[in-house]
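Beneath this line is the structure, given in structure tokens, with notes to follow.
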Amino acid sequence: MPLPASVSFSPEAFSLSGGISISWSRPPSPMLSRAAQRFTDRINALAGRILPAPDPAAPDAKNAAIPVKIQVGDDPEALTVHARENYSLSVGHDGVKLTADGPDGVIHGLATLTQLVTRDENGPTLAFATITDSPRFPWRGIMIDTSRHFMSIATIKRQIDAMELLKLNVLHLHLSDGTGFRVESKVLPELTIKGSHGQYYTRNEIRDLIAYAADRGIRIVPEFDVPGHALALLFAHPELAAQKPVNPAPKNKNTAALDPTVPGSLNLVRRLYGEMSRLFPDTCFHSGGDEVDPDEWLKNPKIVAYMKQNGFATPQALQAEFTAQVQKILAAQGKIMVGWDEVSEAPIPEDVIVDVWRSSKFIASASATHHPVIVSAGYYLDLLQPASQHYLVDPYDPAANGITKAQADVLLRKGVNPDLVNAFLKEPAPPSLTDEQKKYILGGEAPLWAELVTDEMLDARYWPRAAAIAERFWSPAAVRDVKDMYRRLAVVNSELQITGLHAQASTGRMAARLSRGNPDPVQILVSATVPLQNYNMNRYVGRHGNNLDAIGEIASPDPFPAIRFSMLADRYISGDHSVVPDLLAQLQIWHDNDASFIQVATVRGLSEALPVSHNLAVIAGIGLNALSGHKKALSSEERKIIDDEDAVISRSTDVSGASGAANLPSGGLMITIEPAVRKLAGL
């Protein structure tokens, strides 16, 4: 994963007991030498080899090192959207041969080779295979929000390591927002002093991070959001605020905006972007431009008067002019501007890259005007949707993501701003992209906004879901088998943990902390449940003191035991009764867990989930009864519990409910096995 463009396997395999021996067609660069060492370390970790390795010159052929021969060409456009990322790989009786046109291809080929490591009764092996591979899109990224919750350098580096293994090549760092400004500034030190709350990256740390990513074929694109999301900037420069005085603790920290009518605002942008453009070498620079609250400007009489004097009929028109000036600043500094899709409403040069987030329809409108496009709509990991939902969103599909007319009507009745609703509306669906429009789709990104994500949680909130999205960006469009994706995703997730991710370790530690050292009942409960989706979890956390140390933060949108159970249930419904023992065993574990969970759920963070634990036991009991061969009618309590849980799932998956007052379930959890049990019970 990602599935290669062309792959064939042989039943044969090498024994890895003797390790590997790498040779090059010509002396490798220091970057490639380090890539080879990382590959060797990962191979050893996956193989469980005990170092030091056996002598490769030893006469025992069984323990001989596997020869890996690498041939690589020069690529002057490495670490750009034009990088040569293709590679070919063969593993056979003569050893391993990896051929690539550039260093990026070598890195990708080594990532694939790492995934050919398996274990059987004879120990670790390297599977024989023939692979020809190249990416579908040149821009394949994730976005880390370091403003809302500060993430340590070590944590970011772990994500970069995982990105390398999944062939993702762009790290979009969101570095400034209402909650904090996160980079040391020498030109504008007041931004760091007053806007970072003491949590920021030094310039040397940023340089080190950029080099670390580049070593792995990954570009870092910074984002400093203007003119909205500006509260952290305004702590340092309150004279530039659209609304004065600056409220230091507003209910919504995202709404504060710069005053675009005063020269100081663009001067701040010019000086800030100038310094950061020198610090971040990538050609692309993200300027934000999203979610400017019209009231920030319309409630300022001076701004309204300026709009009338200069012919700006709407706040959007005023922002368009500001955006055009920001673009000129970046162009003068040798940068290509990237902006959220609001910037596409401005008359800006064609080379400005539009980051589509509100609705997939902006893919069509932006590409129609010849703007390069990055697709983020449909890949928002903070929505806590399962990997399967993101996996089926295609970057070429302008109707893939957004809200329906019926959902829009619900939001309008709730008083949501009509302009905002219309921006997310995906109906009527735009026509399919023409071949000409497709040329402008660079690829996509998976953002993770960090209101509900701490440093400790980051690994588990990105992975393994980002691996499924990586496949959508890399593999052919026809690769869409969800069940096969989940089969492979479970393996990849295990490999990611073995080679350095902390997701399992962190969630295990969180469970142990809450349960006072007895995490098993907690982990069994979360193996059958998922957190609330579509910002319902934000509402739940807000109603419970904004604490992020509870069972909902441990739960995964893709619990593999529940996924496996649902697949087995489908096989049973289709007539395969060989799965009954596995179904019964899993249901019994979930049924019996309630008594154990009650014993540990004596603290805040677990006690709220006691009703969920009880309901899981009841639903598991319904499943056990359905498979027993002597079905009985549900009691009124059983019927109410399973129907209520079904309603909870329906409410959470409907995005139009995110602004309503629907009841939120205990613990912020949904019992994800409920639909499968419902099928087993014939309900």
Derivation and outcome, side-chain hydrogen bond (donor to acceptor under 3.5 Å, both in side chains), residues Glu239 and His237: CA-CA 5 Å; Glu239 74 279 6; His237 287 279; 2.9 Å; yes

Next on the checklist: Under the criterion side-chain hydrogen bond (donor to acceptor under 3.5 Å, both in side chains), I'd like the reasoning laid out for His174 against Asp177: C-alpha separation, chi angles, the key distance, then a yes or no.
Outcome noted: CA-CA 8 Å; His174 185 77; Asp177 209 301; 2.6 Å; yes

_With side-chain contact (heavy atoms from CB on, under 4.5 Å) as the criterion, how do Leu171 and Ile142 come out once you've worked through the C-alpha distance, each side chain's angles and the decisive distance to 0.1 Å?_
CA-CA 5 Å; Leu171 174 56; Ile142 66 172; 3.9 Å; yes

Going through the distances and angles, do Trp297 and Phe322 end up as a ring pair (Phe, Tyr, Trp, His ring centres under 6.0 Å)? CA-CA 13 Å; Trp297 294 345; Phe322 186 86; 7.4 Å; no

Stepwise, does the side-chain contact (heavy atoms from CB on, under 4.5 Å) test hold for Asn593 with Trp590? CA-CA 5 Å; Asn593 188 61; Trp590 287 327; 5.7 Å; no

Item to complete: Kindly determine whether Val183 and Thr192 satisfy side-chain contact (heavy atoms from CB on, under 4.5 Å), including the steps that lead there.
Response: CA-CA 7 Å; Val183 181; Thr192 309; over 6 Å; no

(Q) Could you go through His614 and Leu610, starting from their C-alpha distance and side-chain angles, then the distance that decides it, and tell me whether this counts as side-chain contact (heavy atoms from CB on, under 4.5 Å)? (A) CA-CA 6 Å; His614 170 73; Leu610 282 166; over 6 Å; no

For Phe473 and Tyr379: C-alpha separation, side-chain torsions, deciding distance, then whether ring pair (Phe, Tyr, Trp, His ring centres under 6.0 Å) applies.
CA-CA 11 Å; Phe473 296 158; Tyr379 307 117; 5.0 Å; yes

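Across Glu291, Glu296, Gln243, His229, a single residue satisfies side-chain contact (heavy atoms from CB on, under 4.5 Å) together with Thr255, and that is Glu296. No option in Asp145, Ile144, Val221, Ile210 other than Ile144 meets the side-chain contact (heavy atoms from CB on, under 4.5 Å) test with Leu173.
Between Val530 and Pro559, the closest side-chain pair of non-hydrogen atoms falls below 4.5 Å. Inter-residue side-chain proximity for Arg358 and Ile403 is flagged as unmet; no heavy-atom pair is nearer than 4.5 Å. Residues Phe224 and Val269 form no side-chain contact, since every pair of their non-hydrogen atoms from C-beta on lies 4.5 Å or further apart. Using a 4.5 Å heavy-atom cutoff, the side chains of His149 and Met457 are not in contact. His197 has its side chain out of reach of Phe181: every pair of non-hydrogen atoms, C-beta onward, lies at least 4.5 Å apart. Counting heavy atoms from C-beta on, the side chains of His591 and Leu624 come closer than 4.5 Å. With a 4.5 Å cut-off on side-chain heavy atoms, Val416 and Leu420 count as touching. Between Tyr201 and Met151 the shortest side-chain heavy-atom distance falls below 4.5 Å.
Shortest non-hydrogen contact noted between Phe565 and Ala676 is CE2-CB, 3.8 Å. Nearest heavy-atom pair across Met537 and Gly552 is CE-CA, 3.5 Å. Shortest non-hydrogen contact noted between Leu384 and Gln533 is O-CG, 3.3 Å. Heavy atoms only, all atoms of each residue included: Val343 and Gly288 are closest at CG1-O, 4.0 Å. Taking every heavy atom of both residues into account, Ser196 and Tyr200 meet most closely at OG-CD2, 3.5 Å. Nearest heavy-atom pair, Pro519 versus Gly508, reported as atom, atom and distance to 0.1 Å: CB-O, 4.4 Å.
Trp340 has its ring centre no less than 6.0 Å from the ring centre of Phe362. Taking the six-membered ring wherever Trp is involved, the centroid distance between the rings of Tyr273 and Phe285 falls below 6.0 Å.
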Only pairs under 3.5 Å count here: list side-chain donor-acceptor contacts from residues 665-674, not counting sequence neighbours, and write none if there are none.
| residue | atom | partner | partner atom | Å |
| --- | --- | --- | --- | --- |
| Glu674 | OE2 | Arg678 | NE | 2.7 |
| Glu674 | OE2 | Arg678 | NH2 | 3.2 |

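No donor-acceptor pair closer than 3.5 Å links the side chain of Lys679 to the backbone N or O of Ala569. Gln407 places a side-chain N or O within 3.5 Å of a backbone atom of Thr404 that can act as its donor or acceptor partner. A donor-acceptor distance shorter than 3.5 angstrom exists from the side chain of Arg182 to the backbone of Gln199, with no hydrogens or angles considered. Between the side chain of Asp225 and the main chain of Gly289, a donor-acceptor pair closer than 3.5 Å is present. Counting only distance, with no hydrogens or angles, the side chain of Arg516 and the backbone of Ala512 share no donor-acceptor pair below 3.5 Å. No side-chain donor-acceptor contact under 3.5 Å links Asp355 to the backbone of Gly339. Between the side chain of Gln497 and the backbone N or O of Gln504, at least one donor-acceptor pair lies under 3.5 Å. Of the possible polar contacts, one joining the His390 side chain to the Gly378 backbone as a donor-acceptor pair under 3.5 Å is found. At distances below 3.5 Å, not a single donor-acceptor pair connects side-chain atoms of Asp295 with backbone N or O atoms of Leu298. Of the possible donor and acceptor atoms, none in the side chain of Ser652 sits under 3.5 Å from a partner among the backbone N and O of Val648.
Using a 3.5 Å distance cut-off with no hydrogens or angles, the side chains of Arg148 and Asn254 do pair a donor with an acceptor. Side chains of Gln159 and Trp463: a donor on one and an acceptor on the other come within 3.5 Å. If you check the side chains of Thr155 and Asp455, you find a donor sitting under 3.5 Å from an acceptor. Side-chain contact check for Asn401 and Tyr380: no donor-acceptor pair (N or O, by modelled atom type) lies under 3.5 Å.
Listed by chain and number, the residues in a side chain to side chain contact (heavy atoms under 4.5 Å, CB included) with His502 are Arg158, Asp459, Ser506 (sequence neighbours excluded). Asp208 pairs by the side chain to side chain contact (heavy atoms under 4.5 Å, CB included) definition with Lys157, not counting sequence neighbours. The side chain to side chain contact (heavy atoms under 4.5 Å, CB included) search around Ser494 returns Ile498, not counting sequence neighbours.
Residue-environment remark: NZ (Lys244) exceeds the threshold of 12 foreign heavy atoms within 6.0 Å. When the shell of 6.0 Å around NZ of Lys426 is examined, it contains more than 12 heavy atoms from other residues, nucleotides or ligands.
How far CD1 of Ile153 is from CD1 of Ile160: 8.5 Å, rounded to the nearest 0.5 Å. For the atom pair OG (Ser635) and CD1 (Ile641), the distance works out to 7.5 Å, reported to the nearest 0.5 Å.
Asp409 has no carboxylate O lying under 4.0 Å from a charged side-chain N of Arg413, or vice versa, which leaves the two without a salt bridge. Electrostatic pairing of Arg203 and Glu184 does not count as a salt bridge here, judged by no charged N lying under 4.0 Å from a carboxylate O.
Applying the salt bridge (Lys or Arg N to Asp or Glu O under 4.0 Å) definition to pairs two or more places apart or across chains, those involving residues 545-566 are Arg513-Asp549, Arg564-Asp582. The side chain to side chain donor-acceptor pair (under 3.5 Å) contacts involving residues 594-609 comprise Asp594-Ser613, where partners must be two or more places apart or lie in separate chains.
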